[in-house]
Amino acid sequence: MSKKGTVLVSGGAGFIGTHTTVALVEAGYDVVMIDNFSNSGPSAVEGVEKILGRKVTFEEVDTCDEKALRGVFERHQFDTVIHFAAYKAVGESVADPLKYYRNNLVSYMNILKLMKEFKRPNVLFSSSATVYGDAETLPVTEQTPRQEATSPYGNTKQIAEDILRDCCKAYPGFYGIALRYFNPIGAHPSALIGELPRGVPNNLVPFITQTAAGIRECLSIFGNDYNTPDGTCLRDYIDIVDLAKAHVAAVDRMVSGKMETKYEIFNVGTGKPVSVLELVTRFEKANGVKVPHKIVGRRAGDVPAVWADTTLANEKLGWKAERDLDDTLRAAWAWEQNLHKK
Ligand code: UDP
């Protein structure tokens with residue numbers, strides 16, 4: 001066993017799970033990955049192993065299945081869990097709320113219950129900037145009030161944060177960190193792991209890369225009549241490898257007993273707003289490819305602008321976003337191209 005300890009990564013085969021596993025192992029942790037492959041496949045695990053040049057411990061387990069999850073706790077020693085396993089499509093959550101509440105909360109309750117029962121102290125929850133909604137002041141700090149969720153997906157993030165807060169308050173020896181991600185994009189520089197959307201992508205960058213690859217005819221830009229410099233929405237696009245490193249910093253903080261309160265929240269972003277149009281143009285320039293695009297109407301539920309104040313993460317986690325946006329966009333394109341070589 002590694003001296004640094006072992007981390008259970010639920011949803012380990014997903015976009016953030018794979019990159020975080022790589023970063024944890026590179027930082028000296030052992031990882032137990034679990035995933036039910038509902039939105040990924042074995043090739044994601046193989047990609048992680050290729051990058052690391054070694055096997056990783058992986059089990060195909062559905063975190064909603066308490067009995068199966070219990071087996072993971074019985075077989076493996078770990079002090080920390082990073083819980084990624086969740087559905088994440090906003091529109092689908094509006095169409096089928098029960099699917100989202102059931103999957104995202106049952107899996108989470110199982111994790112928390114077993115962490116408590118097996119006396120495993122540290123829970124890192126993957127939350128989202130979606131909790132801030134249409135914030136009145138920008139950039140948002142962790143103190144910025146959350147707003148009522150506009151989708152069941154967003155609501156599961158808020159509920160899960162609250163559950164973790166309450167557990168940390170109630171149970172001795174139970175610690176929690178919620179990381180609120182802004183917009184994770186890009187891929188590992190090796191192009192061996194990246195985002196694998198099923199069907200038509202909901203998110204901007206996979207839609208851009210698929211359009212550049214000719215899989216989609218034209219990117220629709222949802223609205224150019226927002227009160228922003230070029231009229232398109234502003235977001236904080238965080239490189240996936242930087243995001244993965246934020247998890248390592250948060251785990252370090254938990255295992256080394258440096259937490260100042262039992263439950264902590266950190267924004268994970270770059271602190272820099274980028275517009276949709278700017279991102280498309282930067283992608284085209286960085287990669288020397290064209291992305292046909294047209295302006296269409298606004299997408300329901302989109303907020304005009306949100307970006308992070310990252311001071312807390314910079315100071316307390318000793319973490320900062322480092323990757324250059326052009327490099328991130330090149331990595332996203334390299335990953336897309338690699339997918340079509342296979
Ligand atoms: N967006 C877009 N066209 C797309 C997908 C997204 O114009 O095909 C815009 C979307 O309206 C938002 C930004 O890109 O302003 C980021 O959207 P995404 O779904 O990636 O993340 P979100 O910020 O909604 O979590």
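What you see is a predicted model, and the numbers here were worked out from it, not measured in a lab. Note that ligands are numbered from 1 as they come in the structure, with each ligand's atoms numbered from 1 the same way.
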Test of proximity, Phe222 against ligand 1: N or O pairs below 3.5 Å:
yes
Run the salt-bridge test on Asp252 and Lys258 with the 4.0 Å N-O cut-off and return the result as yes or no.
no
Would you name the heavy atoms of Val205 and Ala332 that are closest together and state the gap between them?
CG1-CB, 3.9 Å
Examine the proximity of ligand 1 to Tyr181 and report which part, side chain or backbone, both or neither, has a heavy atom under 4.0 Å away.
neither
For ligand 1, is there an atom lying under 4.0 Å from some heavy atom of Tyr226?
no
Answer yes or no: does an N/O atom from Leu204 fall short of 3.5 Å to an N/O atom of ligand 1?
yes
Going by the atom numbers of ligand 1, which of them fall below 4.0 Å from some non-hydrogen atom of Cys233?
15 (O)
For the residue pair Val291 and Phe283, establish whether any side-chain heavy-atom pair is separated by less than 4.5 Å.
yes
Can you tell which part of Thr232 has a heavy atom less than 4.0 Å from ligand 1: side chain, backbone, both or neither?
neither
Students often mix this up, so state it plainly: with edges at 30° and 60°, are the rings of Phe37 and Phe58 parallel, tilted or perpendicular?
parallel
Only heavy atoms of Val276, strictly under 4.0 Å: list the atoms of ligand 1 that pass.
7 (O), 9 (C), 13 (C), 14 (O), 15 (O)
Considering the heavy atoms of Asn183, write down every atom of ligand 1 situated less than 4.0 Å from one of them.
16 (C), 21 (O), 22 (P), 23 (O), 25 (O)
Trp319 and Gly269 have their tightest heavy-atom pair at CH2-O, 3.4 Å
Can you establish whether the number of heavy atoms outside Met259 located under 6.0 Å from its atom CE is more than 12?
yes
Using a 4.0 Å cut-off to any heavy atom of Asp302, which atoms of ligand 1 qualify?
10 (C), 11 (O), 24 (O)
Heavy-atom contacts with Ile221 under 4.0 Å: which atoms of ligand 1 show up? List them by number with element.
7 (O)
Do Ile177 and Tyr171 belong together in a cluster built from hydrophobic side chains that touch within less than 4.5 Å?
no
Which word best sums up how the rings of Tyr153 and Tyr100 line up, parallel for under 30°, tilted for 30 to 60°, or perpendicular for over 60°?
perpendicular
Closest candidate by heavy atom, reference atom 5 (C) of ligand 1, pool Val205, Val200, Asn202, Val306
Asn202
Looking only at non-hydrogen atoms, which of Arg216, Arg299, Arg298, Gln210 approaches atom 24 (O) of ligand 1 most closely?
Arg299
Heavy atoms only, cut-off 4.0 Å: how does Asn203 contact ligand 1, side chain, backbone, both, or neither?
both
Below a 4.0 angstrom heavy-atom separation, can you tell me which part of Ser220, side chain or backbone, both or neither, approaches ligand 1?
backbone
Return the residue, atom name and 0.1 Å-rounded distance of the protein heavy atom closest to atom 23 (O) of ligand 1.
Arg235 NE, 2.6 Å
Would you confirm whether Asn267, through its side chain, and Val140, through its main-chain N or O, come within 3.5 Å as a donor-acceptor pair?
yes
In terms of side-chain geometry, is the basic nitrogen of Asp327 or Arg330 positioned less than 4.0 Å from the acidic oxygen of its partner?
yes
Find all atoms of ligand 1 within a distance of less than 4.0 Å from any non-hydrogen atom belonging to Tyr237, and give their numbers and elements.
13 (C), 16 (C)
